[in-house]
Amino acid sequence: AIEHRLWPEIEKITMEQLHYARLGVGAGGWQLFAEDGDMRMYRREEEADGLVVDPLKACHVVKGVTGHEVCEIFFSPEYRTGWEATLEDMTVVEKVSKDTLIFLQTHKRIWPASQRDALFWSHMRRVSDDQDPDAHDLWIVCNHSTEHPDYPPNTGKCVRVYLTVCLVCQTFIDPPKDEDEIKRENITCKITYCSVVNPGGWAPASVLRAVYKREYPKFLKRFTSFCIDQCKDKPITF
Ligand SMILES: CCCc1ccc(-c2ccc(S(=O)(=O)CCO)cc2)cc1[C@H]1C[C@H]1c1ccccn1
């Protein structure tokens with residue numbers, strides 16, 4: 001296949017994000033800011049040119065779904081309106097390959113900041129765990145801001161945000177007694193979600209931090225509940 005112009009960047013950023021997601025939160029100034037059941041949400045307070053760009057890392061454990069299923073739902077455009085509450089509009093601008101799409105998304109305005117949009121490539125892949133070959137495979141979705149000639153930034157009503165996001169999922173199977181078939185009650189998915197969103201233009205630090213504190217826990221809970229609901233009556237996809 002002919003290599004797409006974005007392929008080298010996609011490969012580099014995806015593997016960097018995989019490495020970053022697998023780093024623990026012990027070092028590096030992470031502060032726990034939200035907890036809910038098995039979900040732990042951490043952030044670092046960081047600014048770039050006076051704009052809040054607080055990196056976020058969330059760890060969650062969800063029973064009854066596989067990492068492949070969770071990443072498939074996070075990646076696929078057809079499910080997004082079902083779980084992304086802050087979305088106002090979404091377009092698939094380009095289909096790079098079956099596992100790589102370019103999205104343009106408009107998010108609901110957060111008063112008093114102006115409305116934001118995001119243009120990013122989204123890439124999904126299975127990664128075999130080189131450290132522990134008998135561990136189950138990892139699945140990753142990586143979203144990273146990009147440019148596109150037909151969608152220049154800041155031309156309409158929206159301020160363009162710049163984001164890098166990854167969702168890394170690992171499936172664990174607790175084998176059922178005497179070789180029965182694996183049921184959903186025997187599977188657990190360990191999820192790490194990382195995001196850095198540069199708001200792209202001025203927005204008060206206090207407002208942004210309040211929005212992230214409110215929106216990220218809601219987002220991850222809504223997303224994982226949606227996954228459980230979507231998968232519960234379907235055959236398991238490993
Ligand atoms: C001023 C910043 C506005 C703003 C821009 C962008 C995003 C955002 C974009 C993408 C992704 S994702 O994980 O790639 C899933 C695909 O949608 C998550 C978040 C969120 C907010 C704000 C709306 C807030 C928010 C924060 C956290 C989660 C959801 N929404």
Side-chain angles (χ1 to χ4, degrees), residues 10 13-14 17 20-21 33-34 36 39 41-44 46-60 70-93 100-124 139-146 151 153-154 156-169 191-227:
I10 291 169
I13 303 278
T14 300
Q17 284 297 302
Y20 177 70
F33 77 89
D36 184 310
M39 185 182 74
M41 216 158 242
Y42 305 84
R43 71 168 172 205
R44 280 203 315 261
E46 271 178 31
E47 308 203 354
D49 340 306
L51 296 179
V52 164
V53 290
D54 300 358
L56 179 123
K57 180 177 276 202
C59 305
H60 201 0
V70 170
C71 282
E72 189 68 44
I73 291 168
F74 187 73
F75 172 76
S76 306
E78 58 270 21
Y79 296 110
R80 196 155 301 176
T81 49
W83 55 266
E84 176 57 289
T86 62
L87 208 54
E88 185 172 279
D89 192 36
M90 177 196 75
T91 314
V92 175
V93 161
T100 307
L101 301 172
I102 299 181
F103 289 92
L104 175 66
Q105 295 191 165
T106 310
H107 286 259
K108 290 189 178 104
R109 180 168 177 242
I110 300 149
W111 187 87
S114 41
Q115 189 165 29
R116 257 67 186 178
D117 67 11
L119 180 68
F120 56 90
W121 51 256
S122 183
H123 174 63
M124 171 168 160
W139 282 86
I140 179 170
V141 178
C142 185
N143 296 344
H144 182 74
S145 287
T146 190
Y151 302 91
N154 311 320
K157 61 182 174 170
C158 291
V159 170
R160 177 76 37 95
V161 301
Y162 295 92
L163 59 84
T164 302
V165 164
C166 75
L167 183 78
V168 177
C169 296
I191 296 173
T192 303
Y193 173 85
C194 301
S195 91
V196 181
V197 177
N198 181 317
W202 189 77
S206 55
V207 168
L208 275 181
R209 290 198 162 117
V211 165
Y212 290 171
K213 193 170 166 73
R214 186 185 70 233
E215 289 297 332
Y216 274 113
K218 248 166 65 180
F219 158 81
L220 198 59
K221 278 182 67 178
R222 183 181 164 95
F223 171 67
T224 50
S225 310
F226 181 84
C227 290

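This one's a predicted model, so the numbers in the text were calculated from it and none came from an experiment. In this chain, residues are counted from 1 in sequence order. Each ligand, and each atom within it, is numbered from 1 in the order the structure gives. Reckoned from all heavy atoms, side chains included, excluding hydrogens, waters and symmetry mates.
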Anything under 3.5 Å between a donor and an acceptor, one on a side chain of residues 217-225, the other on a protein residue two or more places apart or in another chain? List them.
unit_1 : atom_1 : unit_2 : atom_2 : d
Lys221 : NZ     : Asp36  : OD2    : 2.9
Arg222 : NE     : Trp83  : O      : 2.9
Thr224 : OG1    : Leu220 : O      : 2.9
Thr224 : OG1    : Lys221 : O      : 3.1
Ser225 : OG     : Lys221 : O      : 2.7

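Residues passing the ring-ring contact (aromatic ring centres under 6.0 Å, His included) test with Phe120, sequence neighbours excluded: Phe103. For Glu46, the side chain to side chain donor-acceptor pair (under 3.5 Å) partners are Arg44, not counting sequence neighbours.
The heavy-atom pair separating Thr192 from Ala21 by the smallest distance is CG2-O, 3.5 Å.
Atom CG of Leu51 and atom CG of Leu208 lie 8.0 Å apart (nearest 0.5 Å).
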Below 3.5 Å only, please: the N or O atoms of ligand 1 paired with protein N or O atoms, distance on each line.
unit_1   : atom_1 : unit_2 : atom_2 : d
ligand 1 : 13 (O) : Tyr193 : OH     : 2.7
ligand 1 : 14 (O) : Asn143 : ND2    : 2.9
ligand 1 : 17 (O) : Glu84  : OE2    : 2.6
ligand 1 : 17 (O) : Gln105 : NE2    : 2.9
ligand 1 : 30 (N) : Thr86  : OG1    : 3.4

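Between Trp121 and His144, the ring planes lie tilted relative to each other; the angle falls in the 30° to 60° range.
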